[in-house]
2 protein chains.
Amino acid sequence: MNDFSAAQRSRVTMLDVAEHAGVSKASVSRFIGEDRALLSDAIASRIEQAISELGYRPNQMARGLKRGRTRLIGMLVADIRNPYSIAVMHGVETACRQHGYSLVVCNTDRDDEQERQHLALLRSYNIEGLIVNTLGHHRDELRELRQEMPMVLVDRKVEQLDSDLVGLDNPAAVEMAIAHLEERGYRDVLMVTEPYDGTSSRIERVSSFKAQVAQRPAFSGAVVETGGDLTARLNTFLQTPGPGPKALFCANGIAALASTHSLRELKCNLFEDVGLIALDDLDWYPLVGSGITALAQPTEEIGASAFECLLKRLRGDDGPVRTLDFSARLIVRGSTLGNLR
Amino acid sequence: MNDFSAAQRSRVTMLDVAEHAGVSKASVSRFIGEDRALLSDAIASRIEQAISELGYRPNQMARGLKRGRTRLIGMLVADIRNPYSIAVMHGVETACRQHGYSLVVCNTDRDDEQERQHLALLRSYNIEGLIVNTLGHHRDELRELRQEMPMVLVDRKVEQLDSDLVGLDNPAAVEMAIAHLEERGYRDVLMVTEPYDGTSSRIERVSSFKAQVAQRPAFSGAVVETGGDLTARLNTFLQTPGPGPKALFCANGIAALASTHSLRELKCNLFEDVGLIALDDLDWYPLVGSGITALAQPTEEIGASAFECLLKRLRGDDGPVRTLDFSARLIVRGSTLGNLR
DNA sequence: CTGTTAGCGCTTTCAG
DNA sequence: CTGAAAGCGCTAACAG
């Protein structure tokens, strides 16, 4: 039996420092806390030395227990293997660290039960705030938590949860995409989206798409979901005569991956038979065919603002709920050159 | 000023439950702990009811403080935007959850100072074990931590740190790659790796490569690092006559991404002018050119075993340090068809 | 089986 | 400016 538990117990504690420096625990506490100003130089430097000689590290658990401030932020992510989530999370984490907070990330794998468990978990660790990027079923748990701590939603809205929201200006992004396709001469557009599951951003993108298409009489637009039959559906789309040059509009990176797979299966000539524009900008977009045109989201920024939003609330801001919409940036590559057939 | 702090304080505590159920705190503690067997049915059910009526959630911070067991595992990741790390982390997290542990992930962004900070942080939260996937500079800090808790290294060894290690059988993987290239008729191979920074797996792959090449007289092999001049170097490689058909061997996903970019810049005909095999298997490999042949790592498994390793140690296993080497799996795609010129 | 009693490591009044 | 003392929420002997 190894004795890690013994090691754990034997860690140097505030009392050790106090004794070593010949002062009281209170002074040590003041030293490591915000109240260093209240200490005489003599005592402060004795403590400083004792700390470094002993290699003392304050125990955050204990601090948190007493003060109710753990300096911990929780983040609930639906799918950690989605590059968008990773990028946002990276932004959040960076911002956290800059402000002395740490991030506990929980991946729900799109599973409701895991969402519930993780919610309970985060709460039990006394996190101070929560960033949510999931479907937010378990509305009750979430609302309960919302009472206890500030919360900010990322990318997807949760019904009946009055919480700040940061994400993409979806209507504007979709319009940008459609306008670009139109300008390049495409007239027959198929939007590819992951299956409807209530994700608000997904819904917004699709409805904006429909609205945009409706405004353009010369345009034809339809929507399909990714899934087993995507290839067949794309094939139908490609075979069916339409009002003009065809293009795909992929609603996110996952859809772009699936669509490109299908197009290849169909032996499609990328991207001369069909155009393609995708939301999100993944690092491999330039590599396939003539390159995939993208609408990049400022993911890093989105993450950072999510944290800053939280921080404001933590600092006492009690204003009305805010929504932060960022703009997408168009990156034109070969997939929308438009020189079709 | 909102009153989250008040909310935090007002959370229902064990004492509330005890009073509500008319029992002692100790009984409640037994109920939520492992000692439920010691309670009479009558009391147990009273407590159970009180808990659900009050919506009580044990405070892990407090439990951790008292017991020295936080049920927290830390993971230090060098680059969270590397798909390999994500996949491993996903494996770790899944395993953690299955055993009632939670994972705190710290991303160092390949930055030594951040590594140091995060190490201090993890320690201050009393994590019970650590999974390390970084360069492990700050050896002193690491070794100190190693005294206090079990640790397992993933993918990269750290000098003078006697710790379990789980990763890929690099020599075998490299041999598999070279054998495959040879079989497909390639004779002139350039290995592309990220810059040398002491990463052990990187070093192993390169030295195995050199060893493999040395064993094959008909073979020519060289090594380049990714970086600003990669395109130029690849160009030189392609222009310089060699012993036969040329191929690239990318030592990981990042190198594969960079190399493919460069090949495109060079207007290379993917992959008829040059073959390509890459370690790691990323989701977009099938999409570029005729598809990139890959040596897939069992990342999910690697993550899971890393955690299981840790768990064994946590449970008291004090045996000698172990090394777990997983095997890569060859996935042949168009980039090594070999029908060159 | 159950309650009482000390703390875990730290912060925070409240008196000097 | 500094220290003593009282907990934060929970667990773990130790007695009943």
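Every chain is numbered from 1 and lettered A, B, ... according to where its sequence line falls, protein lines coming before strand lines. Computed from a prediction, not measured in an experiment: that's the story for all the values here.
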Item to complete: Tell me, with the steps shown, if B:R11 and A:N126 meet side chain to side chain donor-acceptor pair (under 3.5 Å).
Response: CA-CA 10 Å; B:R11 273 192 32 199; A:N126 287 7; 3.2 Å; yes
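- The salt bridge (Lys or Arg N to Asp or Glu O under 4.0 Å) search around A:E53 returns none, not counting sequence neighbours.
- In the set C:dC8, D:dC10, C:dG3, C:dC8 carries the atom at the smallest distance from any side-chain atom of B:L65.
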Review item, nucleotides 12-16 of chain D N/O atoms under 3.5 Å of protein N/O:
from: D:dA13; atom 1: N6; to: B:R30; atom 2: NH2; distance (Å): 3.2

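- For residues 119-146 of chain B, the set of pairs meeting the ring pair (Phe, Tyr, Trp, His ring centres under 6.0 Å) definition, not counting sequence neighbours, is empty.
- Listed by chain and number, the residues in a side chain to side chain contact (heavy atoms under 4.5 Å, CB included) with A:S45 amount to none (sequence neighbours excluded).
- Backbone-only contact: A:V23 has heavy atoms under 4.0 Å from sugar-phosphate atoms and none from a base.
- If you take CE of A:M61 and C1' of C:dT11, they are 17 Å apart, rounded to a whole angstrom.
- Rounded to an integer number of Å, the gap from CE of B:M14 to C1' of C:dG3 is 14 Å.
- Taking 4.0 Å as the cut-off between side-chain N and carboxylate O, A:E148 and A:R123 count as a salt-bridged pair.
- Here the C1' atom of nucleotide C:dG3 and the CG atom of B:L15 are 13 Å apart, to the nearest Å.
- When the C1' atom of C:dT11 is taken as reference, atom CZ of A:R69 falls 12 Å away, rounded to whole Å.
- Put simply, B:S27 has a side-chain N or O that comes within less than 4.0 Å of OP1 or OP2 on C:dG3.
- Take A:E113 and apply the salt bridge (Lys or Arg N to Asp or Glu O under 4.0 Å) test, not counting sequence neighbours, and it matches A:R116.
- Atom-to-atom, CD1 of A:I47 to C1' of D:dT2 comes out at 10 Å; the value is rounded to the nearest Å.
- Annotation: salt bridge (charged side-chain N to carboxylate O under 4.0 Å, His left out) contacts involving residues 77-95 of chain B, sequence neighbours excluded, comprise A:E300-B:R81, B:D79-B:R110, B:R81-B:D109, B:E93-B:R97.
- Atoms CZ (A:R123) and P (D:dG9) sit 15 Å apart, rounded to a whole Å.
- The salt bridge (charged side-chain N to carboxylate O under 4.0 Å, His left out) contacts involving residues 22-35 of chain B comprise nothing, where partners must be two or more places apart or lie in separate chains.
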Fill in: From CA spacing to verdict: side chain to side chain donor-acceptor pair (under 3.5 Å), B:S201, B:D155
CA-CA 6 Å; B:S201 52; B:D155 185 65; 2.9 Å; yes
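- Pairs engaging residues 84-124 of chain B under the ring pair (Phe, Tyr, Trp, His ring centres under 6.0 Å) rule: B:H99-B:F307, B:Y101-B:F307 [sequence neighbours left out].
- For the contact set between residues 38-46 of chain A and DNA chain D, defined by any heavy atom under 4.0 Å, the members are A:L38, A:L39, A:S40, A:I43.
- Bending across the helix from C:dC1-D:dG16 to C:dG16-D:dC1, expressed as the angle between its end axes from five pairs apiece, amounts to 40° (10° rounding).
- Distance CG (A:N59) to P (D:dG9): 17 Å, rounded to an integer number of Å.
- Of the side-chain N and O atoms in B:Y125, none sit less than 4.0 angstrom from OP1 or OP2 of C:dG9.
- Scored by the salt bridge (Lys or Arg N to Asp or Glu O under 4.0 Å) test, B:E48 finds no partners at all (sequence neighbours excluded).
- Across the protein-nucleic acid pair, A:F31 atom CZ and C:dT12 atom P stand 17 Å apart, rounded to whole Å.
- Considering only residues two or more places apart in sequence or on other chains, A:D164 meets the salt bridge (Lys or Arg N to Asp or Glu O under 4.0 Å) condition with A:R313, A:R322.
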